[in-house]
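Below: the structure, in structure tokens.
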Amino acid sequence: MDLRLTEAQSKLQKEIRDFLESIKKTGEYPFTNDSLQLVFSPEFSQRLAEKGWIGIAWPKEFGGQGAGYLERCIILEELLKSGAPVGYHYLADRQVGPGIIHFGSDFLKDEFLQKMLNAQVSFCLLFSEPNAGSDLAACETTAVEEGDYFIINGQKTWTSHGHSADYGWGLMRTSFDSGTPRHNAFSEILINMKTPGIIIRPVINMVGLHSFNEVFFDNVKIHKKYLIGEKGNGFRQIMTNLVYERATIDRLIQNYSTKEALFEYVKNTEKNGVPLSKDPLIRDGLARLEVEFQVGRKYIYYVTTLLDDGKIPDYEAAIGKNFCTLFEAKLSDLATNIMGLHGLIMPESPEVLFKGIVAESYLMSPSYTLQGGSVEILKNIISKRGLKLASK
Amino acid sequence: MDLRLTEAQSKLQKEIRDFLESIKKTGEYPFTNDSLQLVFSPEFSQRLAEKGWIGIAWPKEFGGQGAGYLERCIILEELLKSGAPVGYHYLADRQVGPGIIHFGSDFLKDEFLQKMLNAQVSFCLLFSEPNAGSDLAACETTAVEEGDYFIINGQKTWTSHGHSADYGWGLMRTSFDSGTPRHNAFSEILINMKTPGIIIRPVINMVGLHSFNEVFFDNVKIHKKYLIGEKGNGFRQIMTNLVYERATIDRLIQNYSTKEALFEYVKNTEKNGVPLSKDPLIRDGLARLEVEFQVGRKYIYYVTTLLDDGKIPDYEAAIGKNFCTLFEAKLSDLATNIMGLHGLIMPESPEVLFKGIVAESYLMSPSYTLQGGSVEILKNIISKRGLKLASK
Amino acid sequence: MNFNFSKDQIILRKSAREFIKKEIPASLVRELLVDEKGYSPKVWEKMAELGWLGIAIDEEFGGIGADFMDLAILFEELGRGAVPSPFFSTVLLGGFLLQNHASEELKNRYLPKIVEGKSIITAAISDEKGFYGKNHVGITAKNSNGSYLLSGSVLFVSHANVSDMIICAAKMDSNNTGITLFAVDRKAKGLTATPLKTIFGNYIDYSIALDNVMVSPEMIIGEECKGWDYIEKIWPLIITAQSCECVGGMQKVMDMTRDYLNGRIQFGKPLSALQIVQHMSVDMFTKVETSKLTAHSAAWSISEGLDSENEAAIAKSWCAEAYKDVTKIAHQVTGAIGFTEEYDLHLYTKSAKKLELLFGDGAYQRKVVADKLGL
Amino acid sequence: MNFNFSKDQIILRKSAREFIKKEIPASLVRELLVDEKGYSPKVWEKMAELGWLGIAIDEEFGGIGADFMDLAILFEELGRGAVPSPFFSTVLLGGFLLQNHASEELKNRYLPKIVEGKSIITAAISDEKGFYGKNHVGITAKNSNGSYLLSGSVLFVSHANVSDMIICAAKMDSNNTGITLFAVDRKAKGLTATPLKTIFGNYIDYSIALDNVMVSPEMIIGEECKGWDYIEKIWPLIITAQSCECVGGMQKVMDMTRDYLNGRIQFGKPLSALQIVQHMSVDMFTKVETSKLTAHSAAWSISEGLDSENEAAIAKSWCAEAYKDVTKIAHQVTGAIGFTEEYDLHLYTKSAKKLELLFGDGAYQRKVVADKLGL
């Protein structure tokens with residue numbers, strides 16, 4: 001057991017911190033006060049690319065740094081803490097790249113990997129459908145083979161950044177034989193979002209922001225070379241993919257600024273001449289949050305070391321994701337309560353404190369415990385794969 | 001809406017309070033500091049019987065007072081608060097009497113009702129079996145008809161007071177035809193616990209007390225006139241019966257003395273010269289308990305008025321029971337924490353405070369949310385009957 | 001003892017529910033959240049016609065003089081509709097403070113107009129940080145040649161911009177502990193109101209600032225330096241009305257969620273067939289059922305003129321957290337659709353958080369409960 | 001960064017687990033809970049043979065001088081067995097206080113005997129109410145003709161009756177804030193120990209009373225008036241060792257519960273097939289998995305000689321509540337059998353509550369965390 005960072009890792013951590021501090025000061029890039037919204041900035045992503053900080057955990061043979069997931073985690077933690085605009089390269093780095101490296105053809109590798117590393121292409125995910133939320137195997141969007149092409153028809157939804165991404169990573173039904181088990185009926189296909197027949201309709205979320213989309217496919221023609229991995233293997237591929245999605249520290253850190261705001265508020269706000277931070281009830285509440293934060297952070301680093309050991313931490317990633325999203329929900333709830341009426345004031349309002357991130361975070365919070373697999377879906381996974389409970 | 005007691009009810013409340021105060025002083029009866037254990041005292045029960053306080057809610061034609069469940073609730077609340085030894089008549093009053101009134105033959109009415117009202121007979125429940133805990137329809141104890149008799153074989157368990165009660169209220173399988181639906185296969189039979197062939201083995205609980213028993217039946221011969229209601233209707237009868245069990249205030253009040261002890265402790269214990277009751281964290285915790293207690297008490301009184309309106313509050317009783325038992329579990333946990341090391345000291349130990357009821361209550365607490373239908377079983381009921389959620 | 005509503009109360013509830021369903025559907029609520037007035041004058045007029053605005057005002061001023069339970073029923077139904085309106089500030093804060101304590105002149109000046117829907121009233125009783133309490137009053141009054149000069153600021157004042165008059169609680173400059181209530185004309189020189197963009201609307205709540213606003217002595221409500229007593233007297237009414245709004249809101253959330261779960265098919269079955277979904281729903285349901293009783297009991301106690309400080313604190317503490325928890329569970333079982341603007345759930349999620357924090361959250365109320373326990 | 005144990009550590013854990021399984025089965029634990037000694041001398045002897053009693057004691061006194069992580073592993077396995085023994089008081093409290101601060105003479109007098117299993121040590125550091133802290137020391141020392149007279153009482157002292165020596169923290173009569181540690185002979189005149197019947201045993205914990213117990217100056221551990229600093233220095237070790245005990249206990253509860261659920265048939269299926277049971281079990285499992293990491297991290301930090309005050313407070317706060325919660329869920333899913341004396345679960349339920357409260361519950365630890373946050 002050795003829980004220290006290596007010297008090289010500490011150096012990397014310092015390097016990214018220094019880099020972010022100086023680049024933030026320039027005001028050239030759209031840093032947000034929080035990182036709830038994965039803001040797109042190809043320019044910023046290209047600056048990271050120059051540093052070699054995109055694909056840092058990818059093998060060298062595919063242009064990555066061949067460093068570990070731990071290094072990636074160190075970088076990501078600092079990026080999210082600082083509110084950097086990571087949206088443009090985020091999915092590529094996290095799961096599209098690793099997905100192509102694992103399952104993709106040489107064509108796809110040649111076509112996309114270097115572009116991702118250069119931050120010249122962006123992605124969105126085309127998984128959920130109106131009648132297939134938690135139950136992905138109920139997807140109905142079809143990709144029918146026609147010569148060298150797939151003809152795609154149907155509808156996807158909850159597509160974050162579908163309106164800005166270049167390509168969509170899609171799960172499509174490719175087998176229509178009733179004898180095929182549901183789990184063998186799907187394939188993964190990469191889809192140029194500018195292809196004719198794709199219509200994108202914005203979905204406004206309850207915060208009032210446009211982050212989701214509905215994506216409609218009307219006879220969209222995609223060459224078969226954009227098939228990822230094997231036909232009929234999509235469902236299994238996506239499950240591996242989701243582990244990468246769940247295994248990262250973003251769920252814990254994306255509300256870091258909310259936590260900082262809360263601590264600053266209680267230290268600097270006096271009630272009857274005493275700072276709120278001296279109220280035993282508030283102290284206990286905040287210490288509870290801190291304990292959970294530290295426990296969660298430790299757990300995520302542990303999951304990261306499993307990835308570095310070459311394991312697929314399926315249930316561990318699910319535990320970590322659940323733990324961290326539940327922490328986030330508690331954080332924003334307690335923060336609004338402690339800030340009282342100030343906790344109700346939204347960004348850009350007069351009298352707002354901390355740019356309104358606390359109120360905004362509360363409104364975002366219902367999504368934390370749903371996206372990327374709801375708490376309940378993940379508990380099903382943990383029960384089966386982690387605890388090995390008999391289910392019949 | 002009128003949430004006051006009537007003048008007569010207030011008078012009754014005062015009367016029972018005065019009665020209990022004076023009778024407790026005599027020291028003649030085994031009042032406990034708490035009422036977790038339903039202590040048997042036929043003599044005490046007979047004193048209540050003289051007052052007409054057993055069967056107060058039973059119809060006059062069956063010898064009761066024809067008063068309401070509200071009157072019963074008022075009496076019970078005071079009895080349990082005072083730690084009175086109510087075990088001898090408790091089940092008779094709560095559910096065996098009403099069960100016989102509802103379903104019993106004239107013979108059973110003649111045989112038992114007056115004796116119950118006079119506190120001359122006591123009961124236990126023979127429901128659960130080793131392989132039928134939450135799933136009562138899995139009961140395997142058989143009652144085979146042989147002339148005018150049932151011949152009973154099998155085993156019951158978790159039988160509270162099985163070693164002291166005169167009669168057992170049993171659920172037995174009476175149909176062995178595989179075509180009979182499970183729910184029509186059972187009957188209820190009253191069993192004299194002194195009948196040859198009955199063997200009672202004590203089960204010691206985790207508090208170290210003997211309150212449960214295993215009851216074995218080896219060719220026990222019971223006359224058919226002790227069948228309650230219709231043959232094959234036992235399962236439905238028991239469900240109605242359970243509503244009476246769950247609809248009472250005992251689950252909330254049986255830990256009343258733990259709550260009182262906790263409040264007294266924080267008021268009288270100083271830390272660094274300040275009473276614990278002035279610590280905002282402790283104040284918030286105790287106020288939370290008080291809020292839950294008052295909400296629960298209100299709810300139980302509401303359920304009681306439903307009974308008085310002639311309704312069968314199936315899901316309401318389940319909500320009330322869950323709410324109150326969860327309150328009890330929180331109470332004993334918080335009480336041990338606030339009392340610190342004193343919260344670990346058991347009855348009869350040197351240095352013990354409040355006769356050790358706080359530690360004892362903590363050890364009892366796992367049973368609160370299990371007995372009479374676990375929280376989970378009751379949630380199933382509430383989901384179906386209260387919320388009317390589709391289950392298929 | 002009975003927990004049943006009277007026939008008249010049942011009718012009142014039914015008609016209120018129908019009215020709100022018809023006149024203030026969710027589509028209108030969405031509009032009002034960004035409307036510059038923060039309410040619908042048309043609906044307000046109809047409320048006046050129905051007698052709602054005078055329901056708690058004495059008959060001599062044109063009101064109905066009903067008891068608090070009737071008002072509580074209206075709050076519950078307004079909560080069910082998540083209706084943004086100055087009803088709370090006008091009828092509860094304005095109505096009761098004026099009727100209980102104001103001079104006949106002030107009563108005659110405002111109450112009949114309230115009843116007719118021609119005057120909107122609000123109140124500014126907290127401080128610039130949004131804290132509540134005798135020591136947290138943001139405005140100070142200075143005696144100046146027989147008049148008073150009011151200065152200071154208050155963070156949250158409902159519907160300040162469409163109000164005719166703002167009841168301002170002010171510390172007396174001469175007396176550190178005395179609080180006086182002044183009826184301040186909205187248009188008074190030196191008074192500015194700035195709309196706050198909150199989680200529940202862009203023009204509903206305002207911060208106000210007073211800079212030497214001159215107020216004449218006859219605009220004092222009741223006696224000088226007794227203002228905080230007056231506020232404490234209606235505090236149980238304030239938080240019980242809120243509790244009833246919470247109850248209405250959570251019932252609606254329960255209803256819409258049940259319908260959704262019974263109808264939404266996943267894994268080949270309705271979502272409601274999943275045991276975990278059932279148990280989460282039962283947790284919601286338990287909170288709804290217990291909150292109903294608790295809020296109604298507090299309202300009944302006020303109606304009967306009993307000391308209701310503790311009952312009301314218990315009700316607000318329980319109902320506000322319950323409402324919030326119910327919205328959280330609803331989101332979790334409803335999934336992504338519930339996170340969208342187009343689905344109605346978020347209107348309630350936002351209303352719940354606002355009701356929780358306005359006039360003190362659960363922890364605030366539990367301090368009262370602890371005091372009452374002698375802790 | 002790696003979270004893996006070394007090969008040696010894995011072997012130590014494995015052999016400890018085997019030893020405890022064989023030598024201290026649940027049946028023996030049951031006996032020890034009512035045994036007048038509160039431990040098994042036979043097993044104690046074997047522990048000495050295995051080197052456990054000297055694991056943290058320097059080689060010059062016959063010990064092994066291993067690092068704290070090895071000791072932590074033993075605590076975890078002792079927790080897994082819910083073993084009543086004076087290991088904690090002797091090896092951790094006695095061992096570290098003596099080794100870190102005592103005179104060579106005292107070290108030579110006690111440490112070799114500890115290693116050999118011939119001396120049991122305990123400590124009395126709280127007050128008569130059971131509070132912890134510099135201001136909560138129940139014994140006072142009065143200087144008298146070059147010696148000290150100790151008087152006062154302490155609520156919980158582990159295994160006082162079978163100990164040879166009790167390290168007593170005492171306020172100095174002359175100096176209100178100074179605390180001194182005295183090595184007091186168990187048989188000293190004026191010292192009485194009364195067994196407490198607690199939720200975890202009848203002769204494990206004692207209250208002690210001192211009535212003018214005379215102690216000579218050479219029995220002072222370290223410097224006069226520095227006693228509380230010494231205790232603060234080992235405080236992270238105390239609560240981390242407890243955290244490891246919690247982790248061992250909760251893992252055992254998880255294991256036995258999983259086996260039970262997979263095997264128990266109700267409604268025609270194993271209990272584990274019910275979704276609600278699965279999700280409750282996952283809640284347990286999550287607490288177990290996170291607690292493991294948290295406790296191990298704190299132990300590692302201590303092993304490395306890093307400042308571990310915050311890490312240890314986090315670990316105890318998290319692990320102790322987790323252990324308790326795990327036992328609660330286990331009871332709920334196990335049902336009536338789990339409430340009986342004959343089923344082993346209650347041994348852990350009781351151990352969990354005791355570990356939670358001894359040396360400060362979660363709220364106590366969170367005060368440290370809040371301080372560290374600068375709140």
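Numbers restart at 1 for each chain; the letters A, B, ... are given by sequence-line order, proteins then strands.
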- Region of B/Ile338 that comes under 4.5 Å of a non-hydrogen atom in chain D: neither
- The interface call for D/Ala363 against chain B, heavy-atom contacts under 4.5 Å, is side chain
- Task: Please look at D/Leu155 and chain B and tell me whether the side chain, the backbone, both or neither of the residue comes under 4.5 angstrom of a heavy atom of that chain.
- Result: side chain
- From D/Leu347 atom CG to B/Met206 atom CE, the distance as rounded to the nearest 0.5 Å: 9.0 Å
- Task: Check each atom of D/Ile337 against the heavy atoms of chain B and say whether the ones under 4.5 Å are side chain, backbone, both or neither.
- Result: both
- Query: What part of B/Val352 lies closer than 4.5 angstrom to a heavy atom of chain D: side chain, backbone, both or neither?
  - Reply: neither
- Query: Can you tell which of D/Gly362, D/Ala336, D/Gly130 has the highest number of heavy-atom pairs within less than 4.5 Å of chain B?
  - Reply: D/Ala336
- Message: Between B/Ala132, B/Ala138, B/Gly343, B/Ala359, who has the most heavy-atom pairs with chain D when the cutoff is under 4.5 Å?
- Response: B/Ala132
- Note on the structure: To the nearest 0.5 Å, atom CD1 of B/Ile345 lies from atom CZ of D/Phe156 at 5.0 Å
- Please look at B/Leu281 and chain D and tell me whether the side chain, the backbone, both or neither of the residue comes under 4.5 angstrom of a heavy atom of that chain. side chain
- Task: Not counting sequence neighbours, which residues clear side chain to side chain contact (heavy atoms under 4.5 Å, CB included) with B/Ala318? List them please.
- Result: B/Leu378, B/Ile382
- Query: Contact part of D/Ile276 toward chain B, heavy-atom cut-off under 4.5 Å: side chain, backbone, both or neither?
  - Reply: side chain
When you scan chain B against chain D, which donor-acceptor pairs turn up at less than 3.5 Å?
| from | atom 1 | to | atom 2 | distance (Å) |
| --- | --- | --- | --- | --- |
| B/Pro130 | O | D/Arg264 | NH1 | 2.5 |
| B/Pro130 | O | D/Arg264 | NH2 | 3.1 |
| B/Asn131 | O | D/Gln266 | NE2 | 2.8 |
| B/Gly133 | N | D/Gln266 | OE1 | 3.2 |
| B/Ser134 | N | D/Gln266 | OE1 | 3.1 |
| B/Asp135 | N | D/Gln266 | OE1 | 3.1 |
| B/Asp135 | OD2 | D/Phe267 | N | 2.7 |
| B/Ile204 | O | D/Glu341 | N | 2.8 |
| B/Met206 | N | D/Phe339 | O | 2.7 |
| B/Met206 | O | D/Lys350 | NZ | 2.6 |
| B/Glu270 | O | D/Lys129 | NZ | 2.8 |
| B/Asn272 | OD1 | D/His136 | NE2 | 3.2 |
| B/Asp333 | OD1 | D/Lys324 | NZ | 3.0 |
| B/Asp333 | OD1 | D/Lys353 | NZ | 2.6 |
| B/Asp333 | OD2 | D/Lys324 | NZ | 2.9 |
| B/Asp333 | OD2 | D/Lys328 | NZ | 2.8 |
| B/Thr336 | OG1 | D/Lys353 | NZ | 2.8 |
| B/Asn337 | OD1 | D/Lys353 | NZ | 2.6 |
| B/Asn337 | ND2 | D/Glu356 | OE2 | 2.9 |
| B/Leu344 | O | D/Ile199 | N | 2.9 |
| B/Met346 | N | D/Lys197 | O | 2.8 |
| B/Ser349 | OG | D/Lys197 | N | 2.9 |
| B/Glu351 | OE2 | D/Ser207 | OG | 3.3 |
| B/Thr369 | O | D/Gln332 | NE2 | 3.0 |
| B/Thr369 | OG1 | D/Gln332 | OE1 | 2.7 |
| B/Glu376 | OE1 | D/Gln332 | NE2 | 2.8 |

- Note on the structure: Applying a strict 4.5 Å limit to non-hydrogen atoms, the region of B/Ala137 in contact with chain D is neither
- Could you grab the distance from atom CD1 of B/Ile204 to atom CZ of D/Phe339, nearest 0.5 Å is fine? 11.5 Å
